[in-house]
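What follows is one structure encoded as structure tokens, with my remarks underneath.
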Amino acid sequence: MPDTIDYGKKMHHAMRGLISDVLQDVADHGLPGEHHFFITFDTQHPDVVMADWLFDRYPEEMTIVIQHWYDALFVGEDGFQITLNFGDNPEPMSIPYDALRTFVDPSVEFGLRFESHEGELHEVVELPDFDDKPDEPAAEKEVEMPLEPEDDGGLEKKADVVSLDAFRKQ
């Protein structure tokens with residue numbers, strides 16, 4: 001048993017659980033009201049799965065927007081899968097929760113930031129294959145994708161972001 005409690009790690013785990021719960025609600029019932037998400041993730045994480053041309057365009061991190069069009073949202077224990085539209089080109093991707101850097105819902109000014117530190121190793125997780133999802137017809141939804149990772153789509157509001165690195169052991 002370790003000599004100390006790693007509160008930072010426990011907080012990150014809890015916040016990723018919160019994101020998992022929110023995404024599962026969206027998968028089950030769709031996005032309510034004006035809710036939409038900006039999710040930034042580390043494309044270098046070994047368990048991120050996406051098209052090679054997206055890796056080429058976003059070699060370090062990528063921000064996706066889940067709003068109007070998305071399809072095949074599958075939420076697992078260690079990550080989620082989603083198909084997004086990039087210029088009329090639907091692309092499936094798998095994103096482990098450990099790869100997340102930020103999760104923002106600007107409609108309610110809510111945001112989380114996950115800090116990663118130099119030399120930190122990512123835990124390897126296994127996500128189910130896209131073919132392992134239940135055979136249910138997916139509702140058609142839309143997503144607006146920023147042209148560049150830093151583009152916020154003209155978003156005027158700023159979300160309060162909770163930084164958890166204050167809890168990390170130095």
Side-chain angles (χ1 to χ4, degrees), residues 1-50 54-55 58-67 70 72-82 84 92-128 132-133 143-146 148-153 155-170:
M1 177 157 192
D3 292 341
T4 60
I5 297 171
D6 188 345
Y7 286 105
K9 185 175 182 178
K10 290 185 178 295
M11 288 292 295
H12 276 184
H13 179 75
M15 294 302 103
R16 288 181 175 110
L18 171 88
I19 292 169
S20 175
D21 289 348
V22 168
L23 291 175
Q24 187 61 60
D25 285 345
V26 170
D28 293 343
H29 308 289
L31 280 165
E34 297 297 314
H35 289 276
H36 58 286
F37 311 128
F38 289 89
I39 301 173
T40 302
F41 62 96
D42 175 4
T43 58
Q44 294 296 308
H45 190 285
D47 295 317
V48 167
V49 177
M50 61 188 201
L54 287 171
F55 277 118
Y58 303 99
E60 293 180 17
E61 74 176 25
M62 181 179 186
T63 298
I64 59 172
V65 181
I66 301 173
Q67 187 171 16
Y70 60 96
L73 177 58
F74 176 78
V75 180
E77 186 176 319
D78 297 317
F80 65 98
Q81 297 174 347
I82 191 165
L84 298 173
M93 51 181 48
S94 291
I95 304 168
Y97 299 125
D98 285 344
L100 297 183
R101 291 188 175 168
T102 63
F103 177 92
V104 178
D105 182 345
S107 70
V108 293
E109 299 183 29
F110 175 80
L112 296 171
R113 175 178 295 144
F114 298 94
E115 300 294 333
S116 92
H117 296 279
E118 203 66 34
E120 184 175 277
L121 296 176
H122 294 290
E123 180 180 338
V124 176
V125 297
E126 286 191 29
L127 294 175
D132 291 345
K133 292 184 297 273
V143 67
E144 293 177 3
M145 295 303 303
E148 296 299 327
E150 64 275 357
D151 180 9
D152 68 1
L155 182 65
E156 298 278 334
K157 293 183 192 177
K158 296 289 184 195
D160 294 329
V161 176
V162 178
S163 179
L164 300 176
D165 61 324
F167 297 101
R168 284 195 181 266
K169 185 176 176 182
Q170 298 295 336

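Keep in mind that the numbers below use all heavy atoms, side chains included, and drop hydrogens, waters and symmetry copies. These figures come from a predicted structure and were not determined experimentally.
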| task | Could I get the full list of side-chain contact (heavy atoms from CB on, under 4.5 Å) partners for Ser20, not counting sequence neighbours? | result | Val75, Tyr97

| task | Kindly compute the distance separating CG (Asp6) from OG1 (Thr4), expressed to the nearest 0.5 Å. | result | 6.5 Å

| field | Side-chain touch Glu61/Gln44, heavy atoms, less than 4.5 angstrom | value | no

| message | For the CE atom of Met50 and the CG atom of Leu84, what is their distance to the nearest 0.5 Å? | response | 11.0 Å

| task | Please assess Asp47 against Asp98 for the test side chain to side chain contact (heavy atoms under 4.5 Å, CB included), listing each intermediate value before the final yes or no. | result | CA-CA 9 Å; Asp47 295 317; Asp98 285 344; over 6 Å; no

| query | Rounded to the nearest 0.5 Å, what separation is found between the NE2 atom of His45 and the CZ atom of Arg101? | reply | 10.5 Å

| query | Got Leu100 and Leu112 here, is their nearest side-chain heavy-atom distance under 4.5 Å? | reply | no

| task | Please report the shortest heavy-atom distance between Gln67 and Leu31, naming the atom on each side. | result | O-CD1, 3.3 Å

| Do the ring centers of Phe74 and Phe80 come within less than 6.0 Å of each other? | no

| query | Taking the side chain as C-beta and beyond, is there a heavy-atom pair between Ile82 and Pro92 under 4.5 Å? | reply | no

| query | Is there a side chain to side chain contact (heavy atoms under 4.5 Å, CB included) between Ile5 and Lys10 once you walk through the steps? | reply | CA-CA 9 Å; Ile5 297 171; Lys10 290 185 178 295; 3.8 Å; yes

| said: With a 3.5 Å distance limit and no angle check, can you tell me whether Thr43 reaches the backbone of Tyr58 through a side-chain donor-acceptor pair? | reply: yes

| query | Are any side-chain N or O atoms of Thr40 and backbone N or O atoms of Thr63, one a donor and one an acceptor, separated by less than 3.5 Å? | reply | no

| Quick one: which of Phe38, Phe114, Phe37, Phe41 gives a ring pair (Phe, Tyr, Trp, His ring centres under 6.0 Å) with Phe103? | Phe37

| Tell me, do His36 and Ile66 make a side-chain contact under 4.5 Å, heavy atoms counted? | no

| request: Specify the closest pair of heavy atoms between Met93 and Ile95, including all atoms of both residues, with the distance to one decimal. | output: SD-CD1, 4.0 Å

| Backbone of Ala27 reached by a side-chain donor or acceptor of His29 within 3.5 Å | no

